Amino acid sequence: MYRVLLADDEGIAIDSLTYIMDKEFHDKCEVRSARSGRTVIEMAETFRPDIAVMDIRMPGIDGIEAIREIRKFSPATIFIVLTAYDKFSFAKEALNLGVMSFLTKPLDRKIFVDTMNRAMADIDRTREQRSRELSNREKLDAVVPMIESGLVYSLLLDNSPEVTTNYCHLLEIPESYGFFTLLACGDAEGSNQNSIHSDSVFFSGNSDHLGNPIGTGIRLQKHYAKIREIIKECNAHAVIGPIMMNKIPVFVPYESSKMEYIDRVRLIDLVRDSITRLKMDTGVNYRVGIGSVMPLSDVQISYQEAIRSLSVNNETISHADDLPVSCTYEQDYPIGLEKQLFDSVKNGEIRDAGTYADQFFSWMEETQASEHENNVRLKTIEFVLWAEHIAYRNGGLGLYRFADRGDYLKIVCNYTVKELHTWFVTKVRDATAKIADKSKSSANSLTKRAKEYIDSHYANDLSLDDVSRELNISPYYFSKIFKEEEGVTFIEYLTGIRLSHAKKLLAENKLPVKEICAAVGYQDPNYFSRLFRRSEGVSPTEYRESH
């Protein structure tokens, strides 16, 4: 349905236009009319026409002035100008107002109908575009929470730089730092009903001091959209995770590595206003724990600080930087070097682990050994045991035996500092090598099984998901390790296997090319031929003739 407004001071002209509209467009249009500039403006305010057919010369306010006024409150209206005069005298001003077409009197019926059809086509295109935009917005509104939950899971569980970077790209997050806030809800403070105790990264028992966490968490599901809306109003860049029992983790990107005092105060005030609104809208009590700013690679620490912030007192809002919930280091302690060392151990990076171990021990020799030699020895055994703990935890050291490290204490006590330096670097490298060997062995085993499966099933309609399911690992992980081990992607390897078998069958010259195509797993002979030519430089038929 199109809303059409006809404006002309001549009654016969209005009747003529109305008659044409009725005969040509029937019930496609709702038509109204006016006979003065003032009347057409007042009618347009309530009618909001899609199309306005305007006579230039009307008593009082003329057509051009009326168009200018209507444009202010109805910018999407399409205007068609009628004039019995030389239209070029009005053309410049009318074009500036976005008039679609000029029609001269006496009006040619066919030209008028064609012009109306063009205007309606423009309206249809605009409506279709608006519909697509609304549809895309609805889809985006549905997808964004899933992407945000994916980033939260990635930061807390996986923290793979590649996966995190992809999520940040999708969410347009350029910052390299951030912090976690943890929103906890409950029926009433002080109650401990339905408490759950767990060592999970997500839960910390009922340490938020709020009652009935399970029941409240279930009821909170229906308020999730509203909670997202309120949090986004406070910080449009906040990344909101899923409801986990009675808690919602929120990751907030941050532009620098440290939050200044004044910014921390503002943040707490903003959070206080937010939870006041949340309580009013959902009828649930809230507490918020806030972690300190961390690099994305260490943001799990911020989450753990947020958890501990909730547990150390009963305040509605607790910030880690205001509470004794995190470890701080003396000014000259190389915490960055320590982190690099153990990150390298965890990742099985033998050379880097040895380098950082050497640098760390050199720092102890240069700054601590002369006055605190016993502390150097303690730190040495602490780091070696922790590196081996990581290796045990990752399966690199195999069976744990209680007595395996019985000589460590004697070594640490009796070695010279120089000997201890060598022993320290060697043990760290050995632990890292065990992790690397375990990881490589696991990858080799998976890749070997994958190749065997592909070699046996290449003739089937085989996909990456099929092989991943057979190996019982995720497609992402399988794709990653297969490329690392084989130097080619799964598809490239599968294609190579299929074409290799195709060449053997072509050389035997027993089957038609179409049957060979099906025999090696391709259903489309044309696609098979293009793939073969791209690989071998000749068509399957030409290959057969040359062999």
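Predicted model, so just to flag it, every value in this text is computed and none were measured.
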Exercise. Between CD of Glu229 and CZ of Arg277, what distance do you get to the nearest 0.5 Å?
Worked result: 7.0 Å

Exercise. Is there a side-chain contact between Arg125 and Gln129, using heavy atoms and a 4.5 Å cut-off?
Worked result: no

Exercise. About how many Å separate CD1 of Ile491 and CG of Leu464, when rounded to the nearest 0.5 Å?
Worked result: 7.5 Å

Exercise. Around Met280, counting heavy atoms of other residues, nucleotides and ligands shown, do more than 12 lie under 6.0 Å from its CE?
Worked result: no

For this session: Answer yes or no: is there an ion pair linking Glu10 with Arg35, defined by an N-O contact shorter than 4.0 Å?
Result: no

Problem set entry | Side-chain heavy-atom pair Ile80, Ile51 within 4.5 angstrom cut-off | yes

For this session: Could you check if a side-chain atom of Phe79 sits within less than 4.5 angstrom of a side-chain atom of Met54, using non-hydrogen atoms only?
Result: yes

For this session: Report yes or no: does Arg534 contribute a side-chain atom to a donor-acceptor pair with the main-chain N or O of Ser529 at less than 3.5 Å?
Result: no

Exercise. What distance do Ile230 atom CD1 and Thr276 atom OG1 have between them, rounded to the nearest 0.5 Å?
Worked result: 10.5 Å

Exercise. Does CG in Asp461 sit with more than 12 non-hydrogen atoms of other residues, nucleotides or ligands closer than 6.0 Å?
Worked result: no

For this session: Rounded to the nearest 0.5 Å, what's the gap from CG on Leu531 to CG on Asn526? Could you check?
Result: 12.5 Å

Exercise. Going through the checks in order, is the side-chain contact (heavy atoms from CB on, under 4.5 Å) test met by Phe179 and Met294?
Worked result: CA-CA 6 Å; Phe179 61 92; Met294 296 284 172; over 6 Å; no

Exercise. Step by step, would you call Asp114 with Lys110 a salt bridge (charged side-chain N to carboxylate O under 4.0 Å, His left out)?
Worked result: CA-CA 6 Å; Asp114 289 344; Lys110 184 178 185 306; 3.0 Å; yes

Exercise. In terms of side-chain geometry, is the basic nitrogen of Lys258 or Asp321 positioned less than 4.0 Å from the acidic oxygen of its partner?
Worked result: no

Seminar exercise, completed: Shortest non-hydrogen pair, Met58 vs Asp8, comes out as SD-N, 4.0 Å

Seminar exercise, completed: Sorted by chain and number, sequence neighbours left out, salt bridge (Lys or Arg N to Asp or Glu O under 4.0 Å) with Asp9 holds for none

Seminar exercise, completed: In short, Glu148 meets Ala238 closest at the heavy-atom pair OE2-O, 3.8 Å

For this session: Decide yes or no on side-chain contact (heavy atoms from CB on, under 4.5 Å) for Val239 and Tyr167, but give the supporting numbers first.
Result: CA-CA 11 Å; Val239 178; Tyr167 276 121; over 6 Å; no

Seminar exercise, completed: dist Ser539:OG -> Arg530:CZ (nearest 0.5 Å) comes out at 13.5 Å

Exercise. Can you name the salt bridge (Lys or Arg N to Asp or Glu O under 4.0 Å) partners of Glu470, sequence neighbours left out?
Worked result: none

For this session: Evaluate side-chain contact (heavy atoms from CB on, under 4.5 Å) for Phe532 paired with Val520, printing each intermediate quantity in order.
Result: CA-CA 12 Å; Phe532 194 95; Val520 296; over 6 Å; no

Seminar exercise, completed: Nearest heavy-atom approach of Cys29 to Met120 is SG-CE, 3.2 Å

Exercise. Is atom NZ of Lys232 surrounded by more than 12 heavy atoms (other residues, nucleotides or ligands) closer than 6.0 Å?
Worked result: yes

For this session: For residues Glu486 and Glu492, determine if any side-chain heavy atom of one lies less than 4.5 Å from a side-chain heavy atom of the other.
Result: no

Problem set entry | Exam field: side chain Asn347 to backbone Asp343, donor-acceptor pair closer than 3.5 Å | yes

Exercise. Does Arg127 offer a backbone N or O that forms a donor-acceptor pair with the side chain of Ser131 under 3.5 Å?
Worked result: no

Exercise. Got a sec, which residues hit side-chain hydrogen bond (donor to acceptor under 3.5 Å, both in side chains) with Ser256, two or more places apart in sequence or on another chain?
Worked result: none

Exercise. Judged by atom type as modelled, is there a donor-acceptor pair below 3.5 Å linking the side chain of Ser154 to the main-chain atoms of Gly150?
Worked result: no

Exercise. At their closest point, which heavy atom of Pro475 faces which heavy atom of Ser468, and how far apart are they?
Worked result: CA-OG, 3.2 Å

Exercise. Under 3.5 Å, side chain of Arg3 to main-chain N/O of Phe47, donor-acceptor pair present?
Worked result: yes

Exercise. Do other residues, nucleotides or ligands put more than 12 heavy atoms under 6.0 Å from Glu172 CD?
Worked result: no

Problem set entry | Pairing of Arg469 and Asp465 as salt bridge, 4.0 angstrom limit | no

Exercise. Would you call the rings of Phe180 and Tyr303 parallel, tilted or perpendicular, where under 30° means parallel and over 60° means perpendicular?
Worked result: perpendicular

Exercise. Would a 4.5 Å heavy-atom cut-off, applied to side chains only, mark Leu17 and Phe112 as touching?
Worked result: yes

For this session: State whether the number of non-hydrogen atoms from other residues, nucleotides or ligands found under 6.0 Å of His237 atom NE2 is greater than 12.
Result: no

Exercise. To the nearest 0.5 Å, how far apart are CD in Glu175 and CD1 in Ile173?
Worked result: 7.0 Å

Seminar exercise, completed: Residue set satisfying side-chain hydrogen bond (donor to acceptor under 3.5 Å, both in side chains) with Lys480, at least two apart, ordered chain then number -> Glu484

For this session: Taking all non-hydrogen atoms of both residues into account, name the closest pair between Tyr153 and Pro242 and its distance.
Result: OH-CG, 3.4 Å

Exercise. Within the distance-only criterion (no hydrogens, no angle test), does the side chain of Ser16 pair as donor or acceptor with the backbone N or O of Ala13 below 3.5 angstrom?
Worked result: no

For this session: Look only at the side chain of Ser74 and the backbone of Arg48, and say whether a donor-acceptor pair between them is shorter than 3.5 Å.
Result: no

Seminar exercise, completed: Taking every heavy atom of Val284 against every heavy atom of Lys279, the minimum-distance pair comes out as O-CG, 3.3 Å

Problem set entry | Atom NZ of Lys514: over 12 foreign heavy atoms under 6.0 Å | no

Exercise. Would you say Ser274 and Cys234 make side-chain contact, with heavy atoms under 4.5 Å?
Worked result: yes

Exercise. Taking C-beta and beyond as the side chain, do Tyr2 and Glu30 meet within less than 4.5 Å on heavy atoms?
Worked result: no

Exercise. Would you say Glu69 and Arg71 make side-chain contact, with heavy atoms under 4.5 Å?
Worked result: no

Exercise. Who pairs with Phe478 by ring-ring contact (aromatic ring centres under 6.0 Å, His included), at least two apart in sequence or on another chain?
Worked result: Phe482

Problem set entry | Lys105 vs Asp55, side-chain contact (heavy atoms from CB on, under 4.5 Å): CA-CA, chis, key distance, verdict | CA-CA 10 Å; Lys105 297 179 179 180; Asp55 184 21; 3.4 Å; yes

Exercise. So with a 6.0 Å cut-off around OH of Tyr19, is the heavy-atom count from everything else above 12?
Worked result: no

Problem set entry | Residues that Arg533 engages under side-chain hydrogen bond (donor to acceptor under 3.5 Å, both in side chains), provided they are two or more places apart | none

Problem set entry | Enclosure of Arg38 CZ (heavy-atom neighbours >12, cutoff 6.0 Å) | no

